[in-house]
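Note on naming: letters A, B, ... go to the chains in the order of the sequence lines (proteins, then strands), and numbering restarts at 1 for each one. A quick note: this is a predicted structure, and the numbers were derived from the prediction, not measured.
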Amino acid sequence: MTIRFYNTLTSQVEEFQPVEAGTVRMYSCGPTVYDFAHIGNFRSFLFADLIRRFLELTGLDVQHVMNITDVGHMTDDAVADGAGEDKMQVAAQRIKEDKKSGKVPDGAIENPDDPYQVAKYYTDAFLEDARQLGMKVAFEYPDQILHATEQIDVMQAMISRLIDRGHAYVGSDGVVYYSVESFPNYGRLSGNTLDNLQSGAGGRVSDKNQATKKHPADFMLWKADESHIMKWDSPWGKGYPGWHIECSAMALGKFGVDTIDIHTGGEDLIFPHHECEIAQSCGSTGADSFARFWLHARFLLVEGEKMSKSKGNFYTVRDVLEGRVTGRPVHPAVLRYELLKSHYRANMNFTEKGLHDSAGAVKRLQDFRAKCETASGGEVAEVGNSHPVLKEFIDALSDDLNMSGALAAVLPWAHETPSDPAEALGVLSEINTVLAVAPINFDDDTGTASTGGSDDDAAALCRQIDEARAAKDFATSDKLRDQLIEAGYDVQIGRDGTTAERKLA
RNA sequence: GGCGCCGUAGCCAAGCGGCCUAAGGCGACGGAUUGCAAAUCCGUUAUUCCCCGGUUCGAAUCCGGGCGGCGCCUCCA
């Protein structure tokens with residue numbers, strides 16, 4: 001079996017082999033914690049989770065590291081090199097308003113003016129979302145998820161090294177800049193070479209901001225700024241690190257190697273963020289390459305449009321799960337499936353209908369598991385990756401994560417009646433180590449979200465339906481049934497009585 | 001202006017030169033089941049791959065042109 005991924009660095013599909021046989025070092029750009037993560041963020045995070053789980057299924061040991069950007073960068077960081085509002089202060093404002101309107105649970109955050117509390121508030125929310133959606137790295141927290149604010153010393157060490165090696169300098173404004181001209185490969189990842197950048201600048205870069213830099217594309221590594229809400233001592237004055245340095249420093253620091261295997265992120269990070277990461281990392285280590293494979297997930301659209309706050313289609317994970325998008329709670333497995341089901345390099349269109357489709361697929365897989373468990377008495381047979389269904393699943397994913405192809409192997413199979421239920425259960429379990437929707441976690445709980453309403457009430461209504469039907473009072477039983485459906489249940493009326501199952505979405 | 005992606009049935013979507021008279025899912029339709037439904041099960045559902053040329057014995061797949069959609073180049077997953 002050959003694993004192939006599309007590598008942004010070379011713009012082609014290449015065979016994947018880890019540097020060190022058997023072990024994969026993978027770094028993913030994680031969330032900023034100034035707000036709740038939205039579904040677009042999670043498309044990219046779950047994409048990383050998919051790579052990780054798939055590689056593990058093939059027998060590789062995967063070390064997956066992610067960062068949390070909790071340094072309060074500026075809203076206009078790059079343009080004016082640290083102008084604009086501080087994002088932590090913007091967040092503080094919002095939390096205060098939410099507190100007033102009762103949207104923030106009591107005790108969740110004492111003092112919104114403390115940026116560390118703001119960061120913790122949103123970090124906790126992110127981790128909770130990530131666990132609900134089955135992100136493996138979130139279960140390993142805090143071991144594999146690094147906080148930028150706890151790695152300032154590592155960043156400073158890298159900045160010093162860059163200065164020593166002639167890749168960075170202190171500008172006339174006292175800001176430490178990376179000198180892009182010192183790094184000939186700048187632009188290799190994104191195609192934004194210095195020549196291209198110049199011709200494409202189009203008057204967007206104001207001369208005033210550029211006066212202190214050697215080259216307009218030079219970017220900030222450290223800025224001394226006493227007024228910044230979060231600041232640390234440094235050889236270049238008390239201040240804060242640039243946006244790009246954290247990922248370079250943390251990735252190399254955590255893994256302790258010069259070259260990692262895979263680096264992931266959203267497509268928007270290709271430039272400037274990842275371009276700058278390469279310049280910093282290679283500049284400081286002298287290695288030819290920082291990450292051998294760069295994998296980027298494309299953006300998610302909502303009902304055909306780019307997600308944005310102004311369009312009102314900006315959905316957080318919570319919005320979806322708690323029913324604020326569809327008017328009905330959505331099971332986390334359904335959201336996970338929805339965000340995972342289409343190819344990562346295609347723009348996926350998040351729609352209510354898509355969510356509904358996903359609910360059907362997840363239900364099929366969950367029902368199939370239940371059917372197999374009943375038939376096998378819970379026995380799970382060991383199966384090898386050569387089992388036809390599993391092989392087809394793995395082969396499809398090996399081909400640059402062809403999820404549609406992988407699902408095409410699983411879905412039809414999952415509504416057959418298996419001749420060997422224990423074996424089927426074994427296959428499903430293996431497949432589920434990647435899909436993680438039936439059930440959602442690798443632990444054994446079903447990952448059921450609190451969806452409001454009580455299943456006891458539903459059971460009581462079922463009983464009433466049975467009574468009404470026994471009395472041939474169909475008008476009443478129909479009314480009760482509609483009531484249950486309205487409440488979000490699938491109602492099954494059969495010979496053995498009535499049961500109600502909560503809809504997944 | 002620079003860099004890049006995409007265009008397959010009502011919708012989502014696979015396909016990587018011959019096994020394609022094109023996977024899989026949703027929907028729709030017909031049937032079983034049901035008091036009627038829902039769920040479930042069985043079956044049907046593109047002679048055709050945006051358009052026009054070209055290469056080839058052979059193209060949805062390669063090349064050229066056109067039309068259409070989208071992303072990045074500025075904080076952004």
Side-chain angles (χ1 to χ4, degrees), chain A residues 4 8 11 13 28-32 34 37-48 73-80 84-85 87 187 189-193 195-205 217 243 264-273 275 296-301 304-308 337-339 341-343 345-349 351 353-354 356-361 363-364 367 371 392 396 399-400 402-413 415-417 469 472-475 477-478 481-482 484-485 489-495 498-501 503:
Chain A
R4 296 155 79 243
T8 306
S11 305
V13 176
S28 301
C29 287
T32 51
Y34 319 129
H38 60 254
I39 53 178
N41 293 320
F42 265 95
R43 148 115 136 149
S44 142
F45 300 150
L46 287 176
F47 155 65
H73 293 290
M74 297 301 187
T75 50
D76 255 342
D77 231 9
V79 173
E85 294 172 289
K87 287 176 181 171
L189 179 73
S190 62
N192 286 332
T193 57
D195 288 347
N196 287 340
L197 280 174
Q198 216 120 41
S199 58
R204 236 186 252 107
V205 183
W243 170 46
T264 74
E267 59 170 331
D268 56 322
L269 294 184
I270 296 171
F271 188 87
H273 187 54
E275 195 70 74
H296 293 98
R298 302 218 55 185
F299 267 124
L300 164 148
L301 305 175
E305 292 192 280
K306 186 169 172 173
M307 192 163 56
S308 72
Y337 186 95
E338 172 69 11
L339 293 175
K341 75 178 176 189
S342 50
H343 191 89
R345 275 193 297 122
N347 271 139
M348 83 149 285
N349 192 9
T351 61
K353 184 177 181 311
H356 175 260
D357 290 0
S358 294
K363 179 166 163 46
R364 183 185 294 186
D367 287 352
K371 185 160 87 175
E392 207 179 323
D399 181 15
D400 195 30
N402 180 354
M403 187 51 100
S404 297
L407 291 172
V410 176
L411 260 8
W413 169 75
H415 70 172
E416 292 167 8
T417 299
R469 294 187 71 244
K472 298 246 187 270
D473 181 2
F474 293 125
S477 72
D478 287 359
R481 180 218 282 152
D482 289 345
L484 269 172
I485 291 170
Y489 286 87
D490 284 331
V491 183
Q492 280 127 287
I493 296 178
R495 289 233 174 75
T498 302
T499 55
E501 212 177 324
K503 273 194 203 296

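- At a threshold of 4.0 angstrom between heavy atoms, the contacts of A/Q492 include nucleobase atoms, whether or not backbone atoms are also involved.
- Checked against B/A77, B/C26, B/G2, the side chain of A/N192 finds its nearest nucleotide in B/G2.
- B/G27 and B/C11: their P atoms are spaced 15 Å apart (whole Å).
- When rounded to the nearest whole Å, the span between CG of A/L411 and P of B/A13 equals 16 Å.
- When the side chain to side chain contact (heavy atoms under 4.5 Å, CB included) test is applied to A/D357, the partners found at least two apart in sequence or on another chain are A/K341, A/K353.
- Searching all strands for a Watson-Crick or G-U wobble partner of B/U48 with both distances below 3.5 Å returns nothing.
- Taking the P atoms as reference points, B/G4 lies 22 Å from B/U61, given to the whole Å.
- B/U74 and B/G66 have their C1' atoms separated by 33 Å, with the value rounded to a whole Å.
- Checking B/C19 for Watson-Crick or G-U wobble geometry (two distances, each under 3.5 Å) identifies no partner in any strand.
- Base pairing analysis places B/C36 opposite nothing; no Watson-Crick or G-U wobble pair with both distances below 3.5 Å involves it.
- Across A/F42 and A/A37, no two heavy atoms sit closer than the pair CE1-CB, 3.5 Å.
- The two residues A/G265 and A/F47 make their nearest non-hydrogen contact at O-CE2, 4.5 Å.
- Atoms CZ and OG1, from A/R469 and A/T498 in turn, are 6.0 Å apart once rounded to the nearest 0.5 Å.
- A pairwise comparison of heavy atoms in A/R364 and A/L411 identifies NH1-O, 2.9 Å as the closest pair.
- The same atom, P, is picked in B/A46 and in B/G24; the two are 12 Å apart, to the nearest Å.
- Expressed to the nearest 0.5 Å, how far CG of A/L46 lies from CD1 of A/I39 amounts to 11.5 Å.
- Taking a pair to require two hydrogen-bonding distances under 3.5 Å in either a Watson-Crick or a G-U wobble arrangement, B/G1 pairs with B/C73.
- Nearest heavy-atom pair across A/D399 and A/R4 is OD1-NH1, 3.2 Å.
- If you check every strand for non-hydrogen atoms under 4.0 Å, A/G265 touches sugar and phosphate atoms only.
- Separation of the P atoms belonging to B/A77 and B/C42 is 44 Å when rounded to the nearest angstrom.
- Residue contacts shown for A/N349 are absent, as no nucleic acid heavy atom lies under 4.0 Å away.
- Straight-line distance from the CG atom of A/L484 to the C1' atom of B/A38: 11 Å, rounded to whole Å.
- Atom CG of A/D268 is separated from atom C1' of B/U74 by 12 Å (rounded to the nearest Å).
- Closest non-hydrogen pair, A/K503 versus A/D490, comes out as NZ-OD1, 2.7 Å.
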Counting primed atoms plus P, OP1 and OP2 as sugar-phosphate and everything else as base, spell out the protein contacts along nucleotides 14-19 of chain B at 4.0 Å heavy-atom distance: B, S or - for each nucleotide, 5' to 3'.
SSB---
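- Straight-line distance from the CZ atom of A/F271 to the P atom of B/G4: 14 Å, rounded to whole Å.
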Quick one: which protein N/O atoms are closer than 3.5 Å to N/O atoms of nucleotides 29-34 of chain B? Pair and distance per line, please.
unit_1: B/U34; atom_1: OP1; unit_2: A/R495; atom_2: NH2; d: 3.2

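- Among the heavy atoms of the strands lying under 4.0 Å from A/F474 is at least one base atom, whether or not backbone atoms are also near.
- Atom OG of A/S44 and atom CG of A/L339 lie 10.5 Å apart (nearest 0.5 Å).
- With A/E267 contributing its side chain and A/F299 its backbone, the two residues share a donor-acceptor pair below 3.5 Å.
- Residue-to-nucleotide proximity on RNA chain B shows that, of A/I39 and A/V491, the 5′-proximal contact is made by A/V491.
- For A/R481 against B/A37, a side-chain N or O and a base N or O form a donor-acceptor pair under 3.5 Å.
- Computed from coordinates, the A/M348 CE to B/C70 C1' distance equals 15 Å when rounded to whole Å.
- Taking the P atoms as reference points, B/G25 lies 11 Å from B/C41, given to the whole Å.
- The partner of B/G58 cannot be assigned: no Watson-Crick or G-U wobble pair with both contacts below 3.5 Å exists in any strand.
- With values rounded to the nearest 0.5 angstrom, A/M348 atom CE is found 13.5 Å from A/R298 atom CZ.
- One atom, CD of A/E267, and another, P of B/A77, lie 12 Å apart when rounded to the nearest Å.
- Comparing B/A23, B/G35, B/C72 by their nearest atom to the side chain of A/A408 picks out B/A23.
- Closest approach of A/E338 to A/T351, counting heavy atoms only: OE2-N, 4.2 Å.
- Projected onto RNA chain B by closest heavy-atom contact, A/G30 and A/S11 fall at different nucleotides, the more 5' of which corresponds to A/S11.
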Summarise how protein sits on nucleotides 41-46 of chain B as a single string, 5' to 3': B when a protein heavy atom is under 4.0 Å from the base, S for sugar-phosphate-only contact, - for no contact.
S-----
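- Distance check on atom P: B/A23 versus B/U47 gives 12 Å, rounded to whole Å.
- Across all strands shown, A/T351 has no heavy atoms under 4.0 Å from either base or sugar-phosphate atoms.
- Listed candidates were B/G24, B/A77, B/G35. Nearest to the side chain of A/L300 is B/A77.
- The partner of B/G30 is B/C42, by the rule that a Watson-Crick or G-U pair needs both atom distances under 3.5 Å.
- At the heavy-atom level, A/L269 lies under 4.0 Å from the strands shown only through sugar-phosphate atoms.
- In this structure, the salt bridge (Lys or Arg N to Asp or Glu O under 4.0 Å) partners of A/D478, at least two apart in sequence or on a different chain, are A/R481.
- Residue A/L189 holds its CG atom at 11.5 Å from NE2 of A/H273, rounded to the nearest 0.5 Å.
- Nucleotide B/G53: paired with B/C63 (Watson-Crick or G-U wobble, both distances less than 3.5 Å).
- Nucleotides B/C52 and B/U40 place their P atoms 42 Å apart, quoted to the nearest Å.
- Remark: A/R43 engages no residue in a salt bridge (Lys or Arg N to Asp or Glu O under 4.0 Å) (not counting sequence neighbours).
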